[in-house]
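Proteins come first, then strands; the chains are lettered A, B, ... in the order of their sequence lines, and each starts at number 1.
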2 protein chains.
Amino acid sequence: MAARHKFGRQTKQLATVWQTIKDDQSHPTADQVYERVRRQLPNISLGTVYRNLQKLVANNRLQVLMLGRSQHFDPLVERHHHLICESCDRVFDLLLESPGEIRPALLPEDGFTITAHHSAFYGTCKRCAS
Amino acid sequence: MAARHKFGRQTKQLATVWQTIKDDQSHPTADQVYERVRRQLPNISLGTVYRNLQKLVANNRLQVLMLGRSQHFDPLVERHHHLICESCDRVFDLLLESPGEIRPALLPEDGFTITAHHSAFYGTCKRCAS
DNA sequence: ATGTCTGCAAAGCTTTTGCATCGTT
DNA sequence: AACGATGCAAAAGCTTTGCAGACAT
């Protein structure tokens, strides 16, 4: 009944996954996290990495970004958007000045050229609200 | 070398896929298109549906929207955004008044409640541009 | 002691692909 | 006749899951 129950048990696998990703700005995939964590815990399994990443997402310590066919994990959980280079596939965080207002100064290295964008709005439709 | 070469051959599979989706606003997945097309061409294969959908995308007759783990196809190819009901998973098109300006009047049935949104901007980073 | 978490491997789901054959041009 | 498209089935890529044993509390 202690507060930490909601986070489940403290295992070295979970701790290592978190340590590996908490300051990472490269938006790694589960597999990339697996490869890095493996250097410290050679016996960890990919399934465990997935389960721990899910747990961190459920506890709001990570955000998931779906790109192509894979999930990318982002320790920046405040609402923000993404800049995706179609040439090297790197992903940059794009912070907002105020809701809906983009801060151009944060375009990476001041040199990102935007050629397309897409926005998705999530919520509840009229039919489901009633 | 005729102009129609760029569209490839005219097969009844391609024609049926197109007829099935061209006026559809429900953003069906490949599998949903397959199920509908199958009612007219019972022997069509899922692989053929995928190949024809790809062809229509390549010819700019369809747009792809990645949601969760699946591709959704949209015959509305002008730049627009999406409204996704998290309760029933329906997807609504959201047109723009001018680039970057959302037209609230188009919120489906005037009754869609937005709780979250995410934007992705695509382009070229400084490193790749040089 | 209890029940959660782990490693392993198998299965799942969506999408792609190899190949022999069919059908358009 | 030529070669692009099809059907079938297998494979691929990513993620989830069943299970028996290990571990945290």
Interatomic distance where [atom1] belongs to [X] and [atom2] belongs to [N] [whole Å]:
X	N	atom1	atom2	value
Ile44(A)	dA22(D)	CD1	C1'	15 Å
Arg9(A)	dA24(D)	CZ	P	9 Å
Met66(B)	dC14(D)	CE	C1'	10 Å
Trp18(B)	dA5(D)	CH2	P	18 Å
Leu14(B)	dG7(D)	CG	P	12 Å
Tyr34(B)	dC13(C)	OH	P	16 Å
Asn43(A)	dC5(C)	CG	C1'	15 Å

> Nearest of dC5(C), dG7(D), dT16(D) to any side-chain atom of Thr48(B)?
Replying inline: dG7(D)
> For Thr11(B) and Arg69(B), take the nucleotide of DNA chain D holding the closest heavy atom to each; which residue's nucleotide lies nearer the 5' end?
Replying inline: Thr11(B)
> Closest nucleotide of DNA chain D for Leu41(B) versus for Arg51(A): which of these residues is on the 5' side?
Replying inline: Leu41(B)
Reckon [X] touches a base, only the sugar-phosphate, or nothing at all at heavy-atom distances under 4.0 Å?
X	value
Asp31(A)	nothing
Lys12(A)	nothing
Leu46(B)	base

> So which one's nearest nucleotide on DNA chain C is more toward 5', Ser70(B) or Lys55(A)?
Replying inline: Lys55(A)
> Taking for each residue the nucleotide of DNA chain C bearing the nearest heavy atom, is the 5' side occupied by Val49(A) or by His72(B)?
Replying inline: Val49(A)
When you check the phosphate oxygens OP1 and OP2 of [N], does a side-chain N or O of [X] lie under 4.0 Å from one of them?
X	N	result
Tyr50(A)	dT15(D)	yes
Asn52(B)	dT6(D)	yes
Gln13(B)	dT6(D)	yes
Gln54(B)	dT16(C)	yes
Ser45(A)	dT6(C)	no

> Does any donor atom in the side chain of His81(B) or Asp93(B) lie under 3.5 Å from an acceptor atom in the other side chain?
Replying inline: no
> Among side-chain atoms of Asp31(A) and Thr29(A), is any donor-acceptor pair under 3.5 angstrom?
Replying inline: no
> Does the separation of the ring centres of His118(B) and His80(A) fall below 6.0 angstrom?
Replying inline: no
> For the atom pair CD1 (Ile84(A)) and OG1 (Thr124(B)), what is the distance rounded to the nearest 0.5 Å?
Replying inline: 12.5 Å
> About how many Å separate OG of Ser26(A) and CZ of Phe73(A), when rounded to the nearest 0.5 Å?
Replying inline: 12.5 Å
